[in-house]
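Below is one structure, written out as structure tokens; the observations come after it.
Whatever order the structure lists ligands and atoms in, that order sets their numbers, starting from 1. If you're wondering where the values come from, they're calculated on a predicted model, not measured in any experiment.
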Amino acid sequence: MRRVTRRVCMTTFAAVSLVALAAPVMGGGPSPSAKKIRIGYSQCNRGEPWREQMDKDIRAHAAKNADIDLQMKDAQNDGPRQMAQVKEFVNAKVDVIIISPLDTSLTPAVAEAFDAGIPVIVLDRAVLGDKYTCFIGADNRLIGAEVGKWVRETLKGKGNVVELKGLSSSVPAADRSDPFREAIKGTDIKIVYDADMQWLGDVAREKMQAALSRNPRKGSINLVYGANDPAAIAAYNAAKDAGRESEMIFVGVDALPHEGIEAVRKGILNATFEYANGADKAIDAAVKLATGRKAEVPRKIVLGTRLYTRDNVDKGGVEIKAPEK
Ligand code: FRU
């Protein structure tokens with residue numbers, strides 16, 4: 001009886017050891033011979049909700065592929081620091097660089113990496129010129145135009161607007177502003193105050209305080225367009241502090257579930273337009289670029305957008321269709 005037990009134990013031990021040895025191959029882990037795909041990822045400022053989410057999504061998608069070795073860096077809203085990070089990735093000869101640049105000042109660093117033969121995927125804020133491998137982002141010009149259309153319809157062609165614009169040295173700032181202005185042209189909608197809020201809620205709050213003190217009469221501001229949700233929400237808070245939030249309509253961009261969409265549900269924002277971060281597509285493209293499948297990676301990947309308002313938020317918003325070209 002005892003001998004039988006020992007034999008059972010030994011057989012079980014042997015089986016467990018075999019499984020343990022084979023595990024990396026059988027369990028979807030890295031194959032012993034596979035070379036790691038080294039991705040260097042530089043985020044311009046993790047300290048913002050939208051970018052925090054982007055980093056989480058990048059990490060989660062990379063974690064699905066055990067062959068990926070992801071090195072993440074946060075430039076903390078500092079252009080020269082982000083340039084140095086790109087250089088470090090080039091010196092380390094990573095297989096692919098993913099960068100979400102602070103602004104166009106990152107153009108030369110990206111071009112240098114590209115010229116050094118390292119594929120570069122640019123996310124969200126564009127660089128200038130064509131020295132990068134793939135750009136992934138939503139269509140900010142479309143979003144700007146749709147905000148303009150929504151504002152025109154909501155204000156019925158008449159009213160005073162405050163526009164809190166993104167960092168002027170970053171491409172999405174003008175892309176979200178110019179088509180917006182174009183769309184309200186020829187109406188009785190006036191921009192009574194505008195300012196660069198550098199994509200930051202704190203700055204937006206100060207700018208909104210200035211807008212309120214320059215337009216002190218009740219009802220003299222009818223709508224605030226924040227180029228991102230942190231700005232639109234900060235503007236609401238500034239107006240609330242002044243006891244004036246109920247005079248105004250607030251619209252933003254980003255539509256994170258726990259930020260903009262939540263704010264629409266709570267009645268803080270009247271509308272927000274989705275700005276997807278493209279993390280899944282970036283990791284997918286990085287793997288293709290690192291494994292000889294460059295031909296499968298388009299030069300530009302345009303992400304879709306949705307509009308969330310108080311009327312449609314519980315139904316998941318509505319898709320915005322790009323006009324046929
Ligand atoms: C975060 C952010 C987002 C915005 C995007 C524009 O830094 O400001 O809120 O949609 O960048 O590039």
Side-chain angles (χ1 to χ4, degrees), residues 41-58 72-79 81-82 98-107 110 121-128 132 135-147 163-180 195-205 207 224-236 250-264 268-269 271-279 282 301-308 320:
Y41 167 60
S42 171
Q43 171 62 276
C44 64
N45 188 22
R46 189 173 301 151
E48 291 168 53
W50 187 84
R51 296 189 178 276
E52 201 186 330
Q53 186 62 47
M54 185 192 234
D55 282 9
K56 271 193 199 151
D57 294 347
I58 288 271
M72 300 177 85
K73 289 186 193 286
D74 171 18
Q76 297 169 20
N77 227 18
D78 179 335
R81 181 176 299 166
Q82 193 166 34
I98 301 177
I99 178 171
S100 193
L102 176 64
D103 60 12
T104 53
S105 71
L106 268 299
T107 300
V110 167
I121 299 166
V122 178
L123 277 180
D124 157 42
R125 297 184 189 164
V127 288
L128 305 176
Y132 57 87
F135 174 79
I136 303 174
D139 184 343
N140 284 303
R141 290 193 63 83
L142 173 67
I143 292 174
E146 289 292 326
V147 172
E163 185 188 6
L164 299 172
K165 299 160 103 176
L167 180 69
S168 63
S169 53
S170 68
V171 175
D175 283 356
R176 287 185 197 174
S177 178
D178 298 346
F180 160 72
D196 180 343
M197 52 68 185
Q198 299 163 35
W199 300 119
L200 301 172
D202 291 353
V203 180
R205 197 178 175 124
K207 302 292 180 191
V224 181
Y225 168 29
N228 65 2
D229 288 340
I233 294 169
Y236 171 90
F250 296 86
V251 51
V253 180
D254 278 349
L256 285 180
H258 54 283
E259 190 188 45
I261 293 184
E262 187 64 20
V264 171
I268 293 171
L269 297 186
T272 178
F273 287 79
E274 180 197 16
Y275 191 57
N277 66 41
I301 299 177
V302 182
L303 309 170
T305 183
R306 301 181 78 77
L307 165 64
Y308 295 87
I320 300 291

ask   = With no hydrogens and no angle check, do the side chains of Y275 and D229 hold a donor and an acceptor under 3.5 Å apart?
value = no
query = Between E163 and S177, do the side chains contain an N or O donor and an N or O acceptor separated by less than 3.5 Å?
reply = yes
inquiry  = Contact between ligand 1 and N45 is defined here as a heavy atom of the residue under 4.0 Å from a ligand atom; is it met?
reply    = no
ask   = Nearest to atom 8 (O) of ligand 1, what protein heavy atom do you find, and at what distance?
value = N228 ND2, 3.1 Å
query = For P172, is the nearest heavy atom under 4.0 Å from an atom of ligand 1?
reply = yes
message = Please find the pair of heavy atoms, one from E274 and one from Y308, that lie closest to each other, and give the distance.
response = CB-CE1, 4.2 Å
message = Just to verify, which of F180, F250, F273 counts as forming a ring-ring contact (aromatic ring centres under 6.0 Å, His included) with Y225?
response = F180
ask   = Does CG in D202 sit with more than 12 non-hydrogen atoms of other residues, nucleotides or ligands closer than 6.0 Å?
value = no
query = Does D124 have a heavy atom less than 4.0 Å from any atom of ligand 1?
reply = yes
Ion pair check, D74 and R51, cut-off under 4.0 Å = no
inquiry  = To check your reading of the model: name the closest protein heavy atom to atom 10 (O) of ligand 1, its residue, and the distance in Å.
reply    = D254 OD1, 2.5 Å
ask   = Is any N or O atom of R125, backbone or side chain, closer than 3.5 Å to an N or O atom of ligand 1?
value = yes
request  = Have a look at ligand 1 and work out which part of R176, if any, has a heavy atom under 4.0 Å from it: side chain, backbone, both or neither.
outcome  = side chain
